Amino acid sequence: MMDREKIEAGVRLLLEGIGEDPNREGLLKTPERIARMYEEIFGGIEEEPWRHLNKTFRAEGNQMVLEKDITFYSVCEHHLMPFYGKVHVAYIPQGQVVGLSKLARTVEVYARRPQLQERLTDQIAEALMDCLKPAGAMVMLEAEHTCMTMRGVKKPGSKTVTYAARGIFRKEERLQQTFFQLVK
């Protein structure tokens, strides 16, 4: 459970630390606003992905199911700055499928935590494997990191791409190639 009072106190200290007056009119409610915002953007800390992936439907066939271009926003745990982009999720069902919105909700659970893109990619793939028991799963993230575009090397527009292959996707290069062709 998030502690609003601690967040608000931390924001006041941060404002003082950068030389601002937290009692200035424009900043007076900022600690409160930041605390509410953090409850929203870090809400995935208190949520489990199985909540969304446990409702499955019987389905014949074992063709790839692909949900692409799922927009996500997350916060880099190194600088507490946003990174955002698109997630592409695929799996090969073995008699069970999940509602398509549940794939996007699973992405949200993990994205709404302090994150590393590499970990986020793996967590989504593992959740699919654990909950859906598919023949395989593949996840690809394309993201822009504001810690790289606003500070440091300042390279706006640069994208970081990560992917994770599990099960049959790891074994069959043909399936990986099909996945990559479909997401482009």
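Note that this is a predicted model, so its numbers are computed, not measured.
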Between H79 and C147, which heavy-atom pair has the shortest distance, and what is it?
-> ND1-CB, 3.5 Å
Reported CD1-to-CZ distance for the pair I41 and R36, which is rounded to 0.5 angstrom = 13.0 Å
In this structure, are over 12 heavy atoms from other groups packed under 6.0 Å from K171 atom NZ?
-> no
Under 4.0 Å between a Lys/Arg side-chain N and an Asp/Glu carboxylate O for E67 and K102?
-> no
Looking at R119 and P114, what are the two nearest heavy atoms and their distance?
-> NH1-O, 3.9 Å
In terms of hydrophobic clusters joined by side-chain contacts under 4.5 Å, are M37 and L27 together?
-> yes
Crowded around Q177 CD? As in, over 12 foreign heavy atoms under 6.0 Å?
-> yes
List the atom of T106, the atom of P49, and the distance in Å for their closest heavy-atom pair.
-> CG2-CB, 4.0 Å
Do L14 and E20 touch side chain to side chain, with heavy atoms closer than 4.5 Å?
-> no
Who else is in the cluster with M138 when I, L, V, M, F, W and Y are joined by side-chain contacts under 4.5 Å?
-> M64, L66, I92, M140, V161, Y163, I168, F169, L175, F179, F180, L182, V183
Common cluster, V97/L53, ILVMFWY with side-chain heavy-atom separation under 4.5 Å | yes
To which residues is M148 joined in a hydrophobic cluster, defined by side-chain heavy-atom contacts under 4.5 Å among Ile, Leu, Val, Met, Phe, Trp and Tyr, whether direct or through other members?
-> V153
Minimum-distance pair of heavy atoms, taken over all atoms of P156 and T149 = CA-CG2, 3.5 Å
CD1 on I34 to CD1 on I7, rounded to 0.5 Å | 10.0 Å
Any sub-3.5 Å donor-acceptor pair from R151's side-chain atoms to T146's backbone N or O?
-> no
Short N-O contact, E8 and R12, less than 4.0 angstrom | yes
Which hydrophobic side chains are connected to Y73, either touching it within the sub-4.5 Å cutoff or through other members that do?
-> Y84
From L120 atom CG to I124 atom CD1, the distance as rounded to the nearest 0.5 Å | 4.0 Å
Is the backbone N or O of A137 less than 3.5 Å from a side-chain atom of R166, with the two atoms forming a donor-acceptor pair by type?
-> no
CD/E108 to CZ/R113 distance, rounded to the nearest 0.5 angstrom?
-> 12.0 Å
When rounded to the nearest 0.5 angstrom, what distance separates CG in L141 from OG1 in T160?
-> 10.0 Å
Can you name the nearest heavy-atom pair linking A164 to T121, along with the distance?
-> N-CG2, 3.6 Å
Between the side chain of R112 and the main-chain N/O of E40, is any donor-acceptor distance below 3.5 Å?
-> yes
Spell out, as yes or no, whether a donor-acceptor pair under 3.5 Å connects the side chain of Q94 to the backbone of K133.
-> yes
Linking I/L/V/M/F/W/Y whenever their side-chain heavy atoms sit closer than 4.5 Å, directly or via other members, would L13 and L15 fall into one cluster?
-> no
What's the spacing between L132 CG and Q96 CD if we round to 0.5 Å?
-> 9.0 Å
Go through K55 and F57 one step at a time and tell me if the side-chain contact (heavy atoms from CB on, under 4.5 Å) criterion holds.
-> CA-CA 7 Å; K55 175 72 171 149; F57 306 95; 4.2 Å; yes
Does CZ belonging to R105 count more than 12 external heavy atoms closer than 6.0 Å?
-> no
Could you pull out all residues at least two apart from F42 that satisfy ring pair (Phe, Tyr, Trp, His ring centres under 6.0 Å)?
-> Y38
Measure the shortest side-chain to side-chain distance between C76 and Q115 over non-hydrogen atoms and say whether it is less than 4.5 angstrom.
-> no
Honestly curious: do V107 and V109 fall in one hydrophobic cluster under the side-chain, below-4.5 Å linking rule?
-> no
What are the two closest non-hydrogen atoms of V87 and V89, and how far apart are they?
-> CG1-CG2, 3.6 Å
Decide side-chain contact (heavy atoms from CB on, under 4.5 Å) for E39 and R4; before the verdict, give the C-alpha distance in whole Å, the side-chain angles of both, and the deciding distance to 0.1 Å.
-> CA-CA 8 Å; E39 285 179 334; R4 269 193 184 191; 2.7 Å; yes
Those residues at least two apart in sequence (or on a different chain) that pass ring pair (Phe, Tyr, Trp, His ring centres under 6.0 Å) with F83 are F72, H145
Result of checking K86, Q117, H88 against E142 for side chain to side chain donor-acceptor pair (under 3.5 Å) | H88
Is it possible for you to say whether L80 and M2 belong to one hydrophobic cluster, with membership spreading through side-chain heavy-atom contacts below 4.5 Å?
-> yes
Remaining members of hydrophobic cluster (4.5 Å side-chain criterion), M150 = M81
